[in-house]
Chemist: 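The structure under discussion is supplied below as structure tokens; questions concerning it will follow.
Note that the structure is a prediction, hence the values are computed from the model and not measured. The figures that follow rest on heavy atoms only: side chains count, while hydrogens, waters and symmetry mates do not.
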Amino acid sequence: MTIQHRTVDIEAAAKLWRDDLSATQIAKRFGVSRNVIVGLAFRNRSLFPWRGDAGKKTSAPGPAKTARPRKLAPELKREPKIPATAYDAERLQSAKLLHHLTAGECCWPLNTGGPYLFCAAETTGRYCRNHHSRSLPKKNEGKA
């Protein structure tokens with residue numbers, strides 16, 4: 001028996017629905033998929049009363065769960081300040097803003113407040129030779 005979208009079939013499915021059969025059980029009787037019955041119930045809400053949360057599992061009454069204490073975020077290590085050198089002081093005279101730098105110019109920041117100025121010395125990499133050596137960790141640093 002397949003379901004036709006006729007009034008007789010819709011009413012028959014609605015009666016089974018009101019008799020507390022599940023959509024799957026009704027679908028087996030009509031030889032259709034569960035989704036057909038759910039769609040039918042959705043389109044004909046006046047014939048298929050809402051069941052609320054009847055099919056959903058409910059938790060057993062008891063003591064309320066308490067929230068677990070949250071772990072605090074780990075402390076972030078601050079970046080070590082790189083002290084300014086005499087070289088940086090000399091480079092300030094020819095320093096450039098970031099958007100004025102071109103390829104082949106050192107992009108090491110020389111100051112800590114805006115507007116930020118960058119070294120701009122000629123180089124083949126990202127930093128000039130002086131700033132490249134300062135960017136690498138010292139051999140004894142980091143080992144405790």
Side-chain angles (χ1 to χ4, degrees), residues 1-85 87-88 91-92 94-144:
M1 175 178 175
T2 60
I3 196 164
Q4 302 290 325
H5 292 288
R6 296 181 304 184
T7 308
V8 176
D9 292 335
I10 294 171
E11 287 176 356
K15 182 182 179 327
L16 294 173
W17 182 272
R18 285 189 300 270
D19 291 341
D20 283 335
L21 268 69
S22 69
T24 303
Q25 292 168 332
I26 298 169
K28 283 182 182 175
R29 290 202 181 182
F30 282 97
V32 295
S33 72
R34 177 187 171 279
N35 286 342
V36 170
I37 301 302
V38 171
L40 195 67
F42 181 77
R43 287 187 297 276
N44 299 288
R45 292 183 204 159
S46 60
L47 298 174
F48 293 81
W50 184 64
R51 295 182 181 173
D53 296 330
K56 293 186 179 179
K57 294 181 181 177
T58 58
S59 60
K65 292 183 179 180
T66 57
R68 289 185 298 151
R70 287 188 169 186
K71 293 180 182 177
L72 296 176
E75 287 284 326
L76 296 176
K77 294 180 182 177
R78 292 196 175 259
E79 289 283 327
K81 284 200 171 188
I82 300 171
T85 62
Y87 179 80
D88 291 346
R91 294 299 315 158
L92 270 174
S94 59
K96 293 182 178 179
L97 295 171
L98 183 62
H99 60 276
H100 290 208
L101 289 177
T102 60
E105 291 181 325
C106 177
C107 60
W108 185 272
L110 297 176
N111 59 345
T112 55
Y116 294 103
L117 298 173
F118 297 85
C119 175
E122 287 186 34
T123 183
T124 56
R126 185 176 181 127
Y127 300 125
C128 63
R129 184 179 296 175
N130 182 291
H131 290 130
H132 179 73
S133 65
R134 287 176 59 191
S135 70
L136 301 174
K138 300 213 173 12
K139 289 186 181 186
N140 294 335
E141 191 177 303
K143 295 181 182 178

Chemist: Check ring pair (Phe, Tyr, Trp, His ring centres under 6.0 Å) between Tyr127 and all other residues, then give those that pass, not counting sequence neighbours.
Modeler: Trp108

Chemist: Compare every heavy atom of Cys128 with every heavy atom of Tyr87, then report the nearest pair and how far apart it is.
Modeler: OH-SG, 3.4 Å

Chemist: To the closest 0.5 Å, what do you measure between CG (Leu16) and CD (Gln25)?
Modeler: 9.5 Å

Chemist: State which residues pass salt bridge (Lys or Arg N to Asp or Glu O under 4.0 Å) with Lys15; sequence neighbours excluded, sorted by chain then number.
Modeler: Asp19

Chemist: Can you name the closest pair of heavy atoms from Cys106 and Thr123 and give their distance?
Modeler: N-CG2, 3.7 Å

Chemist: Report yes or no: is the cationic atom of Arg45 (NZ for Lys, CZ for Arg) under 6.0 Å from the centre of the six-membered ring of Phe48, at an angle within 45° of the ring normal?
Modeler: no

Chemist: Could you tell me which residues satisfy salt bridge (Lys or Arg N to Asp or Glu O under 4.0 Å) with Asp20, sequence neighbours excluded, listed by chain and number?
Modeler: none

Chemist: What's the spacing between Trp17 CH2 and Leu40 CG if we round to 0.5 Å?
Modeler: 9.5 Å

Chemist: Taking all non-hydrogen atoms of both residues, which atom of Leu97 and which atom of Pro115 are closest, and how far apart?
Modeler: CD2-CB, 3.9 Å

Chemist: Considering non-hydrogen atoms only, spot the tightest contact between Ala13 and Ile26 and give its length.
Modeler: O-CD1, 3.9 Å

Chemist: Evaluate the side-chain proximity of Arg134 to His131: yes if any heavy-atom separation is below 4.5 Å, no if none is.
Modeler: yes

Chemist: Who pairs with Ser94 by side chain to side chain donor-acceptor pair (under 3.5 Å), at least two apart in sequence or on another chain?
Modeler: Arg91

Chemist: Between Asn111 and Tyr116, what is the shortest heavy-atom contact and its length?
Modeler: OD1-CA, 3.4 Å

Chemist: Sequence neighbours left out, what pairs pass salt bridge (Lys or Arg N to Asp or Glu O under 4.0 Å) with at least one residue falling in residues 98-109?
Modeler: Lys96-Glu105

Chemist: Find the distance between CD (Glu11) and CG (Asn44) and round it off to the nearest 0.5 Å.
Modeler: 9.5 Å

Chemist: In chain order, what residues pass the side chain to side chain donor-acceptor pair (under 3.5 Å) check against Asn35, with sequence neighbours excluded?
Modeler: none

Chemist: Looking at His132, I want to see if its NE2 is surrounded by more than 12 non-hydrogen atoms of other residues, nucleotides or ligands under 6.0 Å.
Modeler: no

Chemist: Show the nearest heavy-atom pair for residues Ala95 and Leu110, with the distance to one decimal.
Modeler: CB-CD1, 3.8 Å

